[in-house]
Amino acid sequence: MNVLVINCGSSSLKFQLINSDSEEVLAKGLCERIGIDGSLTYQPAGGEKVKSDKAMPTHTEAIQFVIDALTDPDTGVVKSLDEIGAVGHRVVHGGEKFASSAVITEEMKKAVEECNDLAPLHNPANLIGINACEKLMPGTPMVGVFDTAFHQTMPEKAYMYGLPYAYYDKYKVRRYGFHGTSHSFVSKRVAEIVGVPYEATKTIVCHLGNGASICAVLNGKSVDTSMGLTPLEGLVMGTRSGDIDPAILEFIAKKENLDVAGLMKMLNKESGVYGLSDGVSSDFRDLCAAADEGKKPAQIALEVFGYRVAKYVGSYAAAMNGVDNIVFTAGIGENDGDMRERICGYLGYLGIEIDKEANAKRGEEVIISTPDSRVKVLVVPTNEELAIARETVALVK
Ligand code: ADP
(Lines give C-alpha, C1' and ligand atoms only; values in the text may rest on other atoms or scores of the structure.)
Protein backbone atom coordinates (compact mmCIF):
# COMPACT_ATOMS: atom_id res chain seq x y z
CA MET A 1 0.00 0.00 0.00
CA ASN A 2 1.16 3.56 -0.71
CA VAL A 3 0.88 5.83 2.31
CA LEU A 4 0.99 9.61 2.10
CA VAL A 5 2.67 10.96 5.23
CA ILE A 6 1.82 14.56 6.08
CA ASN A 7 3.52 16.80 8.63
CA CYS A 8 1.57 20.02 8.64
CA GLY A 9 2.73 23.26 10.27
CA SER A 10 0.99 26.61 10.38
CA SER A 11 2.57 27.83 7.12
CA SER A 12 4.35 24.72 5.84
CA LEU A 13 3.58 21.15 4.95
CA LYS A 14 6.10 18.33 4.52
CA PHE A 15 5.08 15.16 2.74
CA GLN A 16 6.39 11.76 1.69
CA LEU A 17 4.71 9.05 -0.33
CA ILE A 18 5.94 5.71 1.00
CA ASN A 19 5.35 2.24 -0.38
CA SER A 20 4.69 0.39 2.84
CA ASP A 21 5.59 -3.02 1.42
CA SER A 22 9.07 -2.12 0.18
CA GLU A 23 9.31 0.84 2.61
CA GLU A 24 10.65 2.88 -0.30
CA VAL A 25 10.07 6.62 -0.49
CA LEU A 26 8.39 7.15 -3.88
CA ALA A 27 8.41 10.95 -3.66
CA LYS A 28 8.80 13.68 -1.11
CA GLY A 29 8.57 17.40 -0.80
CA LEU A 30 7.55 20.51 1.00
CA CYS A 31 5.04 23.32 0.67
CA GLU A 32 6.19 26.59 2.21
CA ARG A 33 4.77 30.02 2.91
CA ILE A 34 1.16 28.77 2.87
CA GLY A 35 -1.17 31.73 3.40
CA ILE A 36 1.58 34.17 2.36
CA ASP A 37 2.44 33.37 -1.28
CA GLY A 38 3.46 29.74 -1.56
CA SER A 39 5.99 27.37 -3.09
CA LEU A 40 6.17 23.64 -3.72
CA THR A 41 9.38 21.63 -3.62
CA TYR A 42 8.88 18.19 -5.12
CA GLN A 43 11.27 15.30 -5.66
CA PRO A 44 10.34 11.91 -7.08
CA ALA A 45 12.66 9.01 -6.13
CA GLY A 46 15.73 9.11 -8.35
CA GLY A 47 14.53 12.33 -9.95
CA GLU A 48 15.45 15.95 -9.73
CA LYS A 49 14.28 18.21 -6.92
CA VAL A 50 12.16 21.01 -8.40
CA LYS A 51 10.94 24.11 -6.59
CA SER A 52 8.14 26.18 -8.07
CA ASP A 53 6.07 29.13 -6.88
CA LYS A 54 2.36 28.37 -6.49
CA ALA A 55 -0.39 30.45 -4.96
CA MET A 56 -1.41 28.73 -1.71
CA PRO A 57 -3.92 30.86 0.19
CA THR A 58 -4.80 27.86 2.40
CA HIS A 59 -3.60 24.33 3.15
CA THR A 60 -6.27 22.96 0.80
CA GLU A 61 -4.50 24.46 -2.24
CA ALA A 62 -1.18 23.18 -0.88
CA ILE A 63 -2.47 19.62 -0.65
CA GLN A 64 -4.08 19.91 -4.09
CA PHE A 65 -0.62 20.84 -5.50
CA VAL A 66 0.90 17.86 -3.71
CA ILE A 67 -1.72 15.55 -5.25
CA ASP A 68 -1.18 17.14 -8.69
CA ALA A 69 2.57 16.60 -8.39
CA LEU A 70 2.23 12.98 -7.25
CA THR A 71 -0.17 12.16 -10.13
CA ASP A 72 1.55 14.28 -12.82
CA PRO A 73 1.87 12.22 -16.05
CA ASP A 74 5.58 13.15 -16.45
CA THR A 75 7.07 13.49 -13.00
CA GLY A 76 4.38 11.85 -10.84
CA VAL A 77 4.82 8.47 -9.17
CA VAL A 78 1.21 7.21 -9.18
CA LYS A 79 -1.46 7.25 -11.90
CA SER A 80 -4.31 8.43 -9.73
CA LEU A 81 -5.39 9.03 -6.15
CA ASP A 82 -6.72 5.45 -6.09
CA GLU A 83 -3.11 4.32 -5.69
CA ILE A 84 -2.81 6.11 -2.36
CA GLY A 85 -4.25 3.68 0.18
CA ALA A 86 -4.03 5.80 3.33
CA VAL A 87 -2.79 9.05 4.79
CA GLY A 88 -0.76 9.28 8.01
CA HIS A 89 -0.78 12.64 9.76
CA ARG A 90 1.75 13.72 12.34
CA VAL A 91 -0.10 15.25 15.29
CA VAL A 92 1.97 16.96 17.94
CA HIS A 93 -0.11 16.75 21.12
CA GLY A 94 -2.47 13.99 22.13
CA GLY A 95 -2.58 14.96 25.80
CA GLU A 96 -3.69 12.10 28.04
CA LYS A 97 -6.33 11.10 25.50
CA PHE A 98 -4.03 9.26 23.09
CA ALA A 99 -1.57 6.58 24.20
CA SER A 100 -1.29 5.30 20.63
CA SER A 101 -2.04 6.31 17.06
CA ALA A 102 -5.70 6.58 16.11
CA VAL A 103 -7.85 6.33 13.00
CA ILE A 104 -9.20 9.80 12.17
CA THR A 105 -12.91 10.21 12.78
CA GLU A 106 -15.03 13.21 13.73
CA GLU A 107 -14.83 12.13 17.37
CA MET A 108 -11.06 11.72 17.20
CA LYS A 109 -10.67 15.21 15.69
CA LYS A 110 -12.71 16.65 18.54
CA ALA A 111 -10.41 14.97 21.03
CA VAL A 112 -7.37 16.44 19.23
CA GLU A 113 -9.01 19.85 19.29
CA GLU A 114 -9.44 19.54 23.04
CA CYS A 115 -5.63 19.29 23.26
CA ASN A 116 -5.15 22.56 21.32
CA ASP A 117 -4.51 24.44 24.55
CA LEU A 118 -1.48 22.26 25.21
CA ALA A 119 0.10 22.92 21.79
CA PRO A 120 -1.47 26.13 20.47
CA LEU A 121 1.05 26.52 17.63
CA HIS A 122 0.97 22.93 16.41
CA ASN A 123 -2.32 21.11 16.97
CA PRO A 124 -4.55 23.61 15.13
CA ALA A 125 -2.21 23.41 12.12
CA ASN A 126 -2.27 19.60 12.25
CA LEU A 127 -6.08 19.69 12.22
CA ILE A 128 -6.16 22.08 9.28
CA GLY A 129 -4.01 19.60 7.34
CA ILE A 130 -6.32 16.73 8.28
CA ASN A 131 -9.44 18.64 7.21
CA ALA A 132 -7.87 19.70 3.91
CA CYS A 133 -6.88 16.10 3.12
CA GLU A 134 -10.35 14.83 4.01
CA LYS A 135 -11.85 17.35 1.61
CA LEU A 136 -9.59 16.37 -1.30
CA MET A 137 -9.30 12.64 -0.62
CA PRO A 138 -12.75 11.62 0.62
CA GLY A 139 -12.98 7.94 1.47
CA THR A 140 -9.23 7.49 1.96
CA PRO A 141 -8.56 6.18 5.48
CA MET A 142 -6.46 8.50 7.61
CA VAL A 143 -4.53 8.02 10.83
CA GLY A 144 -3.13 10.48 13.38
CA VAL A 145 0.27 9.63 14.88
CA PHE A 146 1.08 11.60 18.03
CA ASP A 147 4.45 12.94 19.22
CA THR A 148 3.29 12.44 22.80
CA ALA A 149 1.68 8.97 22.61
CA PHE A 150 4.81 6.86 23.21
CA HIS A 151 5.41 8.64 26.53
CA GLN A 152 1.97 7.88 27.98
CA THR A 153 3.55 4.85 29.69
CA MET A 154 5.52 7.15 32.05
CA PRO A 155 4.71 6.56 35.71
CA GLU A 156 3.21 9.36 37.81
CA LYS A 157 6.49 9.97 39.61
CA ALA A 158 8.04 10.88 36.25
CA TYR A 159 5.24 13.01 34.85
CA MET A 160 4.05 14.99 37.89
CA TYR A 161 5.61 18.38 38.60
CA GLY A 162 6.20 19.73 42.09
CA LEU A 163 3.30 22.15 41.67
CA PRO A 164 -0.13 22.41 43.31
CA TYR A 165 -2.06 19.23 42.48
CA ALA A 166 -5.05 21.32 41.42
CA TYR A 167 -3.17 22.40 38.27
CA TYR A 168 -2.93 18.79 37.19
CA ASP A 169 -6.52 18.16 38.17
CA LYS A 170 -7.97 21.21 36.45
CA TYR A 171 -5.62 21.84 33.54
CA LYS A 172 -3.69 18.58 33.09
CA VAL A 173 -0.38 20.33 33.75
CA ARG A 174 2.15 17.45 33.68
CA ARG A 175 5.06 16.10 31.66
CA TYR A 176 3.97 14.75 28.27
CA GLY A 177 7.21 14.53 26.31
CA PHE A 178 7.67 14.80 22.53
CA HIS A 179 9.63 13.15 19.69
CA GLY A 180 7.79 9.96 20.75
CA THR A 181 7.64 8.59 17.20
CA SER A 182 11.42 8.95 16.93
CA HIS A 183 12.20 7.57 20.40
CA SER A 184 9.99 4.56 19.71
CA PHE A 185 11.38 3.91 16.21
CA VAL A 186 15.02 4.24 17.27
CA SER A 187 14.75 2.22 20.49
CA LYS A 188 13.02 -0.63 18.62
CA ARG A 189 15.75 -0.62 15.99
CA VAL A 190 18.42 -0.75 18.71
CA ALA A 191 16.86 -3.93 20.11
CA GLU A 192 17.01 -5.48 16.62
CA ILE A 193 20.62 -4.42 16.09
CA VAL A 194 21.87 -5.76 19.44
CA GLY A 195 19.70 -8.88 19.09
CA VAL A 196 17.82 -8.59 22.39
CA PRO A 197 13.99 -8.68 22.68
CA TYR A 198 12.62 -5.13 22.86
CA GLU A 199 10.80 -6.10 26.07
CA ALA A 200 14.13 -6.84 27.77
CA THR A 201 16.17 -3.72 27.02
CA LYS A 202 17.28 -0.65 28.94
CA THR A 203 17.93 1.99 26.31
CA ILE A 204 18.54 5.72 26.51
CA VAL A 205 17.69 7.53 23.27
CA CYS A 206 19.38 10.89 22.67
CA HIS A 207 17.39 12.66 19.92
CA LEU A 208 19.67 15.60 19.25
CA GLY A 209 18.36 17.88 16.52
CA ASN A 210 17.37 21.51 16.48
CA GLY A 211 14.81 20.41 19.03
CA ALA A 212 16.39 17.84 21.33
CA SER A 213 15.13 15.38 23.91
CA ILE A 214 16.25 12.28 25.76
CA CYS A 215 14.13 9.27 26.63
CA ALA A 216 14.57 6.37 29.02
CA VAL A 217 13.06 3.28 27.38
CA LEU A 218 12.70 0.39 29.82
CA ASN A 219 11.55 -2.92 28.37
CA GLY A 220 10.07 -1.18 25.33
CA LYS A 221 8.24 1.52 27.27
CA SER A 222 9.05 5.19 27.81
CA VAL A 223 9.53 5.69 31.55
CA ASP A 224 10.92 9.22 31.47
CA THR A 225 11.76 11.94 28.98
CA SER A 226 13.32 15.37 29.12
CA MET A 227 10.67 17.49 27.39
CA GLY A 228 7.69 18.36 29.53
CA LEU A 229 4.29 20.01 29.21
CA THR A 230 5.83 21.70 26.17
CA PRO A 231 8.99 21.09 24.11
CA LEU A 232 10.83 23.83 26.03
CA GLU A 233 12.02 21.72 28.96
CA GLY A 234 15.13 19.60 29.24
CA LEU A 235 18.22 19.85 27.07
CA VAL A 236 19.79 23.05 25.82
CA MET A 237 18.54 23.17 22.19
CA GLY A 238 19.17 25.21 19.05
CA THR A 239 17.33 28.27 20.32
CA ARG A 240 15.40 26.89 23.34
CA SER A 241 16.76 27.22 26.85
CA GLY A 242 15.79 23.82 28.26
CA ASP A 243 15.85 23.59 32.09
CA ILE A 244 16.48 26.82 33.97
CA ASP A 245 15.78 28.14 37.46
CA PRO A 246 12.16 29.36 37.09
CA ALA A 247 12.97 32.40 39.26
CA ILE A 248 15.23 33.72 36.48
CA LEU A 249 12.03 34.75 34.71
CA GLU A 250 10.99 37.27 37.33
CA PHE A 251 14.55 38.56 37.60
CA ILE A 252 14.96 39.12 33.84
CA ALA A 253 11.39 40.42 33.40
CA LYS A 254 12.16 43.23 35.86
CA LYS A 255 15.61 44.02 34.50
CA GLU A 256 14.61 43.98 30.82
CA ASN A 257 11.01 45.11 31.24
CA LEU A 258 9.60 42.02 29.52
CA ASP A 259 6.04 40.71 29.65
CA VAL A 260 5.08 37.01 29.45
CA ALA A 261 5.13 37.01 25.64
CA GLY A 262 8.57 38.63 25.67
CA LEU A 263 9.88 36.07 28.15
CA MET A 264 8.51 33.16 26.10
CA LYS A 265 10.10 34.54 22.94
CA MET A 266 13.43 34.85 24.75
CA LEU A 267 13.21 31.26 26.05
CA ASN A 268 12.07 29.73 22.74
CA LYS A 269 13.88 31.78 20.09
CA GLU A 270 16.81 33.60 21.64
CA SER A 271 18.27 31.04 24.04
CA GLY A 272 19.85 27.60 23.65
CA VAL A 273 23.21 27.31 21.91
CA TYR A 274 22.23 30.31 19.78
CA GLY A 275 21.88 32.52 22.84
CA LEU A 276 24.80 30.96 24.67
CA SER A 277 27.13 31.49 21.70
CA ASP A 278 26.17 35.16 21.75
CA GLY A 279 24.27 34.81 18.50
CA VAL A 280 26.85 32.88 16.45
CA SER A 281 24.30 30.30 15.29
CA SER A 282 21.84 27.62 16.33
CA ASP A 283 23.43 25.28 13.79
CA PHE A 284 26.16 23.00 15.12
CA ARG A 285 28.19 23.20 11.92
CA ASP A 286 28.58 26.97 12.38
CA LEU A 287 29.17 26.59 16.10
CA CYS A 288 31.92 24.01 15.60
CA ALA A 289 33.61 26.24 13.00
CA ALA A 290 33.45 29.23 15.35
CA ALA A 291 34.74 27.15 18.27
CA ASP A 292 37.65 25.92 16.10
CA GLU A 293 38.49 29.56 15.35
CA GLY A 294 38.79 30.09 19.09
CA LYS A 295 35.52 31.95 19.69
CA LYS A 296 34.91 31.47 23.41
CA PRO A 297 31.07 31.80 23.49
CA ALA A 298 30.75 29.10 20.80
CA GLN A 299 33.08 26.85 22.80
CA ILE A 300 30.99 27.41 25.92
CA ALA A 301 27.75 26.64 24.02
CA LEU A 302 29.12 23.27 22.86
CA GLU A 303 30.37 22.47 26.37
CA VAL A 304 27.05 23.30 28.00
CA PHE A 305 25.13 21.30 25.41
CA GLY A 306 27.24 18.15 25.85
CA TYR A 307 27.36 18.40 29.63
CA ARG A 308 23.56 18.71 29.87
CA VAL A 309 23.09 15.61 27.68
CA ALA A 310 25.54 13.66 29.85
CA LYS A 311 23.71 14.70 33.04
CA TYR A 312 20.39 13.47 31.63
CA VAL A 313 21.94 10.18 30.54
CA GLY A 314 23.24 9.71 34.09
CA SER A 315 19.85 10.47 35.61
CA TYR A 316 18.08 8.04 33.27
CA ALA A 317 20.61 5.31 34.04
CA ALA A 318 19.57 5.89 37.66
CA ALA A 319 15.85 5.88 36.73
CA MET A 320 16.19 2.46 35.07
CA ASN A 321 18.68 1.07 37.59
CA GLY A 322 21.19 0.68 34.77
CA VAL A 323 21.45 1.01 31.02
CA ASP A 324 22.38 -1.45 28.26
CA ASN A 325 22.31 0.82 25.21
CA ILE A 326 22.75 4.50 24.54
CA VAL A 327 21.76 5.65 21.07
CA PHE A 328 22.28 8.92 19.23
CA THR A 329 19.90 10.14 16.55
CA ALA A 330 18.66 13.25 14.63
CA GLY A 331 20.79 15.92 12.93
CA ILE A 332 23.46 16.35 15.60
CA GLY A 333 23.27 12.81 17.00
CA GLU A 334 23.68 11.27 13.54
CA ASN A 335 26.33 13.60 12.15
CA ASP A 336 28.44 15.13 14.88
CA GLY A 337 30.98 12.53 16.02
CA ASP A 338 32.88 15.13 18.07
CA MET A 339 29.78 15.87 20.13
CA ARG A 340 29.10 12.15 20.61
CA GLU A 341 32.67 11.68 21.81
CA ARG A 342 32.39 14.71 24.09
CA ILE A 343 29.21 13.32 25.69
CA CYS A 344 30.61 9.81 26.06
CA GLY A 345 33.69 11.34 27.67
CA TYR A 346 31.54 11.97 30.75
CA LEU A 347 30.27 8.39 30.83
CA GLY A 348 33.44 6.43 31.59
CA TYR A 349 31.92 5.43 34.93
CA LEU A 350 29.36 3.37 33.00
CA GLY A 351 32.22 1.39 31.48
CA ILE A 352 31.77 3.05 28.10
CA GLU A 353 34.59 2.96 25.59
CA ILE A 354 34.25 4.53 22.16
CA ASP A 355 35.77 3.16 18.94
CA LYS A 356 37.11 6.32 17.29
CA GLU A 357 37.03 4.87 13.79
CA ALA A 358 33.40 3.75 14.07
CA ASN A 359 32.49 7.09 15.63
CA ALA A 360 33.94 8.95 12.63
CA LYS A 361 31.06 7.61 10.47
CA ARG A 362 28.18 9.94 9.70
CA GLY A 363 24.49 9.44 9.13
CA GLU A 364 24.49 5.64 9.17
CA GLU A 365 23.58 2.83 11.57
CA VAL A 366 26.69 1.91 13.51
CA ILE A 367 27.80 0.64 16.92
CA ILE A 368 30.39 3.18 18.06
CA SER A 369 31.42 1.50 21.32
CA THR A 370 34.26 -1.05 21.45
CA PRO A 371 33.42 -4.75 21.94
CA ASP A 372 34.69 -4.40 25.55
CA SER A 373 32.42 -1.47 26.39
CA ARG A 374 29.98 -2.42 29.18
CA VAL A 375 27.23 -0.31 27.61
CA LYS A 376 26.66 -0.40 23.85
CA VAL A 377 26.64 3.01 22.20
CA LEU A 378 25.02 3.29 18.78
CA VAL A 379 24.03 5.73 16.08
CA VAL A 380 20.65 5.01 14.46
CA PRO A 381 19.26 7.51 11.95
CA THR A 382 15.69 8.32 12.86
CA ASN A 383 12.92 8.05 10.29
CA GLU A 384 9.72 9.55 11.64
CA GLU A 385 7.96 9.42 8.26
CA LEU A 386 8.54 5.68 7.92
CA ALA A 387 7.37 5.18 11.51
CA ILE A 388 4.18 7.12 10.72
CA ALA A 389 3.63 5.06 7.55
CA ARG A 390 4.03 1.81 9.51
CA GLU A 391 1.60 2.95 12.22
CA THR A 392 -0.89 4.03 9.56
CA VAL A 393 -0.81 0.70 7.76
CA ALA A 394 -1.14 -1.22 11.02
CA LEU A 395 -4.33 0.67 11.84
CA VAL A 396 -6.04 0.72 8.44
CA LYS A 397 -5.33 -2.89 7.46
P1 ADP B 1 14.93 19.33 13.55
O2 ADP B 1 14.24 18.19 12.85
O3 ADP B 1 14.69 19.40 15.01
O4 ADP B 1 14.78 20.65 12.86
P5 ADP B 1 17.37 17.97 12.72
O6 ADP B 1 17.24 16.64 13.38
O7 ADP B 1 17.20 18.06 11.26
O8 ADP B 1 16.49 19.05 13.47
O9 ADP B 1 18.81 18.55 13.12
C10 ADP B 1 19.23 19.79 12.62
C11 ADP B 1 20.55 20.15 13.26
O12 ADP B 1 21.52 19.10 13.07
C13 ADP B 1 21.19 21.36 12.61
O14 ADP B 1 20.73 22.54 13.18
C15 ADP B 1 22.63 21.14 12.92
O16 ADP B 1 22.90 21.76 14.17
C17 ADP B 1 22.81 19.66 13.09
N18 ADP B 1 23.62 19.07 12.02
C19 ADP B 1 23.25 18.67 10.80
N20 ADP B 1 24.30 18.19 10.10
C21 ADP B 1 25.39 18.30 10.90
C22 ADP B 1 26.78 18.00 10.78
N23 ADP B 1 27.27 17.46 9.67
N24 ADP B 1 27.58 18.27 11.82
C25 ADP B 1 27.08 18.81 12.95
N26 ADP B 1 25.80 19.12 13.13
C27 ADP B 1 24.95 18.86 12.14
Side-chain angles (χ1 to χ4, degrees), residues 147 150-151 154 158 175 177-191 193-194 201-218 221-228 231 233-238 240 242-243 272-273 284 287-288 301-320 322-350 352-355 358-359 361-369 373 375-384 387:
D147 273 20
F150 181 60
H151 303 299
M154 279 189 291
R175 175 181 313 287
F178 298 86
H179 292 140
T181 311
S182 175
H183 288 302
S184 160
F185 177 88
V186 169
S187 56
K188 261 185 212 141
R189 186 68 197 125
V190 166
I193 295 170
V194 302
T201 48
K202 290 178 178 177
T203 297
I204 297 174
V205 183
C206 305
H207 178 112
L208 310 179
N210 216 352
S213 73
I214 302 206
C215 183
V217 187
L218 177 61
K221 294 195 162 77
S222 168
V223 291
D224 208 343
T225 190
S226 58
M227 284 178 169
E233 193 183 346
L235 300 176
V236 174
M237 306 180 214
R240 289 178 227 155
D243 302 336
V273 290
F284 275 60
L287 282 174
C288 293
L302 293 172
E303 264 177 43
V304 173
F305 179 89
Y307 179 63
R308 180 74 57 91
V309 173
K311 285 208 292 186
Y312 262 101
V313 169
S315 67
Y316 288 169
M320 296 194 288
V323 53
D324 304 321
N325 315 296
I326 296 171
V327 54
F328 291 98
T329 193
I332 300 155
E334 291 167 26
N335 293 299
D336 192 340
D338 291 342
M339 183 50 74
R340 294 193 296 254
E341 194 175 339
R342 186 194 289 266
I343 293 163
C344 291
Y346 291 105
L347 306 174
Y349 70 97
L350 290 172
I352 286 177
E353 285 174 44
I354 295 302
D355 175 339
N359 187 44
K361 295 188 177 166
R362 276 180 34 189
E364 59 180 287
E365 260 180 19
V366 56
I367 297 179
I368 61 169
S369 49
S373 180
V375 174
K376 284 201 170 65
V377 184
L378 306 90
V379 175
V380 173
T382 192
N383 192 337
E384 286 166 288

Has Lys376 got more than 12 heavy atoms of other residues, nucleotides or ligands less than 6.0 Å from its NZ? no

Can you name the side-chain hydrogen bond (donor to acceptor under 3.5 Å, both in side chains) partners of Thr181, sequence neighbours left out? none

Atom CE in Met237, atom CD1 in Ile332: separation rounded to 0.5 Å? 10.5 Å

Can I get a per-line list of side-chain donor-acceptor pairs under 3.5 Å for residues 204-213, giving both atom names and the distance, sequence neighbours left out?
from   : atom 1 : to     : atom 2 : distance (Å)
His207 : ND1    : Ser182 : OG     : 2.8
Ser213 : OG     : His179 : ND1    : 2.9
Ser213 : OG     : His183 : NE2    : 2.8

Separation of Leu287 CG from Asp336 CG (nearest 0.5 Å): 9.5 Å

Could I get the full list of side-chain contact (heavy atoms from CB on, under 4.5 Å) partners for Asn359, not counting sequence neighbours? Arg340, Glu341, Ile354, Ile368

Using the salt bridge (charged side-chain N to carboxylate O under 4.0 Å, His left out) criterion, which residues pair with Arg342? Sequence neighbours excluded. none

Across all chains, not counting sequence neighbours, the side-chain contact (heavy atoms from CB on, under 4.5 Å) partners of Ala216 are Val223, Asp224, Tyr316, Met320

Consider only side-chain N and O atoms of Thr329 and Glu334, and report whether a donor and an acceptor are under 3.5 Å apart. yes

If you round to the nearest 0.5 Å, how far is CD1 of Ile214 from CG of Leu235? 4.5 Å

To the nearest 0.5 Å, how far apart are CD1 in Ile367 and NZ in Lys361? 10.5 Å

Of all residues at least two apart in sequence or in a different chain, which pass the salt bridge (charged side-chain N to carboxylate O under 4.0 Å, His left out) check with Glu303? none

Going through the distances and angles, do Asn325 and Ile193 end up as a side-chain contact (heavy atoms from CB on, under 4.5 Å)? CA-CA 11 Å; Asn325 315 296; Ile193 295 170; over 6 Å; no

Flag, side chain of Asp243 to backbone of Gly234, donor-acceptor distance under 3.5 Å: yes

With Ser373, which residues qualify under side-chain hydrogen bond (donor to acceptor under 3.5 Å, both in side chains), at least two apart? none

Rounded to the nearest 0.5 Å, how far does CE of Met227 lie from NE2 of His151? 9.0 Å

Residues at least two apart in sequence or cross-chain that pass side-chain hydrogen bond (donor to acceptor under 3.5 Å, both in side chains) with Asp338, listed by chain then number, are none

Straight-line distance of Thr225 OG1 to Arg175 CZ, nearest 0.5 Å: 7.5 Å

Can you sort out the partners of Val304 under side-chain contact (heavy atoms from CB on, under 4.5 Å), two or more places apart, ordered by chain and number? Val236, Leu276, Ile300

For Lys311, what residues pass the side-chain contact (heavy atoms from CB on, under 4.5 Å) criterion, not counting sequence neighbours? Tyr307

Non-neighbouring partners of Phe150 that pass ring-ring contact (aromatic ring centres under 6.0 Å, His included), sequence neighbours left out: none

Going by the rule ring-ring contact (aromatic ring centres under 6.0 Å, His included), which residues pair with Phe305 if we only count those two or more places apart in sequence or in a different chain? Phe284

Heavy-atom closest contact (Val380 atom, Arg189 atom, distance): CG1-CG, 3.8 Å

Assess whether side-chain contact (heavy atoms from CB on, under 4.5 Å) is satisfied between Leu347 and Val375, documenting all intermediate values. CA-CA 10 Å; Leu347 306 174; Val375 174; over 6 Å; no

